[in-house]
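The structure displayed is predicted, hence computed values, not measured ones.
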Amino acid sequence: MKRTFCIKITVFSLLIMLSSAVFAETFRVSKLHVAEISQTADSEANARVGINDSLAVKLPEDRSFIIGIEVKIDIPESVASWMDSVAFSVYENVNPFPSENQIDYSGSRVFVNTLPNRLSWILQFPLTTDNQIKANKYTTKVDRVMNLNQGFLFLRFQPVMKGVPEETLKAIIPVTVKPILANKGRLNINVKAEGNNSPVYTLFIDDKPVDSSKKALILESGIHNISVISDSYRNELRTVRVDQAKTSEITIELKSVEPTLVINAPEGTQIHIDGEKCTSIGKEFVISEGEHKIRFKFGDYESVRTLTINRGKTYTANFSVDLQITEE
């Protein structure tokens, strides 16, 4: 009974000391493990870490959609049965840069806790203040917003209790680290017009105006409607899907407001527009605004139609000769 009381006092004192260590400290690890994660939903880093080891998890350069880091610790029974025997810490401002050949480091400890008396522990470390990460009975959300400007998350395990058995000190702890992603994606929009590298237009996303000078937009995942409105070109409407933590691209080519006409007719058809012979069959061509008469002649059959052309429209005229056979 007396021994148990002394152990608890020792652990409590060590945690008080560790929790207050927000200044830079120097320490040595038995081994430094290095893993890497990417900015994808299926990315994760796995390592098997010893009681006196550290793990440096390298992050991608582009962390636009990473709002947090999740760390899952599978606690061996030999460690879980000796509650409060092993501490888990996270450091910032680590020097030198983590390397598997380096065991001496300095850094500021920003989180510390002993491994709980259970076989699994999931911690979530937010990277932004508006992270919307919510803790539940299966996870522990750390209150502090982590500063990972160095490009890695530095984790450390160390014994904090005396008298634990050799089996505990030699235990291997499986650790899984993965990114927590925002429900957003990037959309690159390229608007161009023939003969004009800088067309003037107004851009709307889901009926809301956005800065058209921004070629890359961060949007919620899902389906979005894009509208390009211009006085000099035809208005264009598009629908695009934005996936979580991915980049989608769309190119919108603006068309002139001059009206155009496409005529489709069988080979051998004679076509005249306002008395002038038309040879642009099956191809789109510019036509002036106003009223036009189109005459189709195929053999002895002739048809005349009047078409009113408006600005910014494309018209299609289809002429066909159909043979119908009926039986009584």
Side-chain angles (χ1 to χ4, degrees), residues 39-41 60-67 128-132 181-265 271-294 305-319:
Q39 190 172 236
T40 57
E61 290 186 11
D62 182 5
R63 301 192 286 273
S64 305
F65 307 112
I66 300 180
I67 60 174
T128 61
T129 54
D130 56 344
N131 53 80
Q132 298 181 339
L181 303 176
N183 190 33
K184 295 181 179 181
R186 181 182 292 108
L187 177 62
N188 292 337
I189 302 178
N190 180 28
V191 179
K192 60 182 183 180
E194 184 177 356
N196 187 353
N197 295 325
S198 302
V200 178
Y201 60 91
T202 302
L203 181 64
F204 292 84
I205 305 291
D206 300 327
D207 298 326
K208 296 181 180 179
V210 298
D211 187 353
S212 59
S213 65
K214 294 182 178 180
K215 302 304 180 183
L217 302 172
I218 303 298
L219 302 174
E220 296 288 336
S221 302
I223 303 297
H224 295 275
N225 297 316
I226 303 173
S227 303
V228 179
I229 309 299
S230 175
D231 292 332
S232 304
Y233 302 91
R234 300 187 190 186
N235 298 335
E236 300 290 341
L237 303 177
R238 299 289 188 278
T239 299
V240 65
R241 178 183 179 86
V242 175
D243 295 319
Q244 183 185 32
K246 293 184 179 180
T247 297
S248 303
E249 296 192 8
I250 185 171
T251 298
I252 300 176
E253 297 185 7
L254 300 181
K255 296 181 179 180
S256 169
V257 292
E258 290 183 305
T260 58
L261 175 63
V262 179
I263 297 178
N264 298 312
I271 303 172
H272 291 78
I273 300 177
D274 299 329
E276 298 289 335
K277 186 176 181 180
C278 176
T279 58
S280 298
I281 310 301
K283 298 179 181 179
E284 184 177 357
F285 59 91
V286 175
I287 188 170
S288 61
E289 295 180 57
E291 191 174 273
H292 297 274
K293 285 188 177 181
I294 306 177
R305 294 289 185 271
T306 299
L307 181 63
T308 300
I309 302 295
N310 295 313
R311 183 174 183 264
K313 301 289 184 178
T314 294
Y315 299 85
T316 301
N318 295 313
F319 174 75

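- In terms of the salt bridge (charged side-chain N to carboxylate O under 4.0 Å, His left out) criterion, Arg305 has no residue partners (sequence neighbours excluded).
- Between Tyr315 and Thr308 the shortest heavy-atom distance is OH-O, 3.6 Å.
- Note: Glu249 CD to Arg186 CZ = 10.5 Å, rounded to the nearest 0.5 Å.
- A 4.5 Å side-chain heavy-atom check between Glu236 and Lys255 finds at least one atom pair inside the cut-off.
- Scanning both residues, Ser230 and Tyr201, for their nearest heavy atoms gives CB-CB, 4.0 Å.
- Here the closest heavy-atom approach between residue Leu181 and residue Ala245 is recorded as CD1-CB, 3.8 Å.
- In this structure, Val228 and Leu203 have side chains that are in contact, with non-hydrogen atoms separated by less than 4.5 Å.
- Using a 4.5 Å heavy-atom threshold, the side chains of Val242 and Glu220 count as separate.
- Of the listed residues (Ile218, Thr247, Ile226), just one forms a side chain to side chain contact (heavy atoms under 4.5 Å, CB included) with Leu187, and that residue is Ile226.
- Here the straight-line distance linking atom OG1 of Thr128 with atom CD1 of Ile66 works out to 11.0 Å at 0.5 Å rounding.
- Around atom CG of Asp231, no more than 12 heavy atoms belonging to other residues, nucleotides or ligands sit under 6.0 Å away.
- Using a 4.5 Å heavy-atom threshold, the side chains of Ile271 and Ile294 count as touching.
- Considering only heavy atoms from C-beta on, Thr251 comes within 4.5 Å of Lys192 through its side chain.
- A side-chain N or O of Thr260 and one of Glu284 form a donor-acceptor pair less than 3.5 Å apart.
- Within a 6.0 Å radius of CG in Asp207, no more than 12 heavy atoms belonging to other residues, nucleotides or ligands are found.
- Closest approach of Phe65 to Gln39, counting heavy atoms only: N-OE1, 2.7 Å.
- For the side chain to side chain contact (heavy atoms under 4.5 Å, CB included) test with Arg311, the passing option among Arg234, Glu258, Glu289 is Glu289; the others fail.
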- Task: Check the pair Ile263, Cys278 against side chain to side chain contact (heavy atoms under 4.5 Å, CB included), reporting the backbone distance first and the verdict last.
- Result: CA-CA 9 Å; Ile263 297 178; Cys278 176; 4.1 Å; yes
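- Ala216 and Asn188 get closest at one heavy-atom pair: CB-OD1, 3.2 Å.
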